[in-house]
Amino acid sequence: MSSDASKEWSGTFKELGEKRDKLRGLIRHHLLEHYARDEAETEADLDRDIRRAKTILSLDAAMNKVDRFLKTHSPRMGRGKRIKEVKSNLTDNESAKMTTSKGTIQGYNGVATVDKKHQIVIDAQAFGEGQEHHTLQPVLETVEARFKKLGIADNIYQKGTVVTADTGFANDKFIGNKFEQPQAGPKGESHG
């Protein structure tokens, strides 16, 4: 699901540092141009100087925004097999850049848990990461805690509960130790 965050303000800390330096260079360029033509002779020159001053203020605000973010945040680390930095976002740092059928968006991955027998949603969460493979464990733990708190079951997964998830949740590190591996169903569908 899309967030209100702008993709323009996304990047690794290295990329954001480069963006800040580029903005600083643009400010310097416009200031030098402004100083070189300091004395407006015509109305057109005056209009150009006003536009340049507005551009400098806008670039300065953007540079300060990036600089402030870099000074007050630390890099976000992914949860994949190789832990590496993932892109941060200045406007919504909990969201993630994700590729969808409609292109790349800045947003969240929504995960819903449904009780098939009673046809109700028992949990819904949004994760600010594009990959689902690490989200199954926190979802299952939340469901287990909710059922325990409500007095429905102390451990819902020891009562013969069947958990199915699509292959996007496949993660040997988690699933291999706690659940049966998915089995191929009819027409190559995966169930497990």
Side-chain angles (χ1 to χ4, degrees), residues 1-31 52-114 121-149 163-179:
M1 66 191 93
S2 185
S3 80
D4 216 7
S6 172
K7 290 187 295 185
E8 170 191 355
W9 295 107
S10 291
T12 62
F13 267 53
K14 179 181 178 192
E15 293 167 342
L16 291 172
E18 291 168 356
K19 184 179 194 92
R20 177 188 55 199
D21 296 342
K22 183 177 180 180
L23 289 166
R24 189 174 286 138
L26 285 169
I27 292 168
R28 191 171 303 124
H29 166 76
H30 284 286
L31 281 172
R52 184 171 286 122
K54 286 180 180 179
T55 299
I56 291 168
L57 290 173
S58 177
L59 290 170
D60 189 52
M63 186 198 66
N64 287 332
K65 181 178 184 176
V66 174
D67 191 50
R68 194 169 36 253
F69 180 86
L70 290 171
K71 288 178 179 174
T72 59
H73 291 78
S74 55
R76 286 180 55 192
M77 303 310 286
R79 298 191 212 186
K81 288 182 181 177
R82 294 175 308 205
I83 296 177
K84 62 180 184 173
E85 182 182 2
V86 295
K87 294 185 184 251
S88 296
N89 185 280
L90 275 65
T91 54
D92 182 358
N93 200 34
E94 293 179 2
S95 64
K97 254 186 174 176
M98 293 183 267
T99 304
T100 70
S101 59
K102 294 181 170 76
T104 302
I105 64 164
Q106 186 74 33
Y108 294 88
N109 193 354
V111 179
T113 309
V114 179
V121 174
I122 57 175
D123 184 59
Q125 296 182 46
F127 295 90
E129 294 177 41
Q131 300 297 320
E132 295 177 325
H133 58 267
H134 70 277
T135 62
L136 185 58
Q137 182 172 1
V139 166
L140 294 177
E141 289 170 354
T142 301
V143 169
E144 182 177 31
R146 180 169 293 128
F147 273 61
K148 188 174 184 175
K149 181 179 178 182
V163 175
T164 58
D166 67 29
T167 56
F169 292 97
N171 177 347
D172 291 340
K173 183 177 175 183
F174 172 67
I175 296 174
N177 297 331
K178 301 184 181 181
F179 299 99

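Remember, it's a predicted structure, so these values are computed and weren't measured experimentally.
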Does atom CD (Glu15) have a neighbourhood of more than 12 heavy atoms from anything else shown, all under 6.0 Å?
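Check passes, neighbour count above 12.
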Sole candidate of Arg28, Arg24, Lys22, His30 that passes side-chain contact (heavy atoms from CB on, under 4.5 Å) when paired with Leu59:
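Only one option passes, and that is His30.
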So Leu23 and Asp67, do their side chains get closer than 4.5 Å, heavy atoms only?
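Contact flag for Asp67/Leu23 side chains = no.
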Side chains of Ile27 and Met63: closer than 4.5 Å at any heavy-atom pair?
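A side-chain contact under 4.5 Å exists here.
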Would you say the side-chain atoms of Asp60 pair up with the backbone N or O of Ile56, donor to acceptor, closer than 3.5 Å?
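No.
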Spell out, as yes or no, whether a donor-acceptor pair under 3.5 Å connects the side chain of Thr142 to the backbone of Pro138.
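Judged by distance alone, yes, a pair lies under 3.5 Å.
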What's the separation between atom [atom1] in [X] and atom [atom2] in [Y], rounded to the nearest 0.5 Å?
{"X": "Thr55", "Y": "His29", "atom1": "OG1", "atom2": "NE2", "answer": "10.0 Å"}
{"X": "Lys87", "Y": "Leu16", "atom1": "NZ", "atom2": "CG", "answer": "8.5 Å"}
{"X": "Gln106", "Y": "Asp92", "atom1": "CD", "atom2": "CG", "answer": "7.0 Å"}
{"X": "Asn89", "Y": "Phe69", "atom1": "CG", "atom2": "CZ", "answer": "7.5 Å"}
{"X": "Thr12", "Y": "Glu18", "atom1": "OG1", "atom2": "CD", "answer": "7.0 Å"}
{"X": "Arg20", "Y": "Phe13", "atom1": "CZ", "atom2": "CZ", "answer": "10.0 Å"}

Identify the heavy atoms of [X] and [Y] that sit nearest to each other, and give their distance.
{"X": "Gly128", "Y": "Arg76", "value": "O-NH2, 2.9 Å"}
{"X": "Asp123", "Y": "Gln125", "value": "OD2-NE2, 2.9 Å"}
{"X": "Asn93", "Y": "His73", "value": "ND2-CD2, 3.9 Å"}

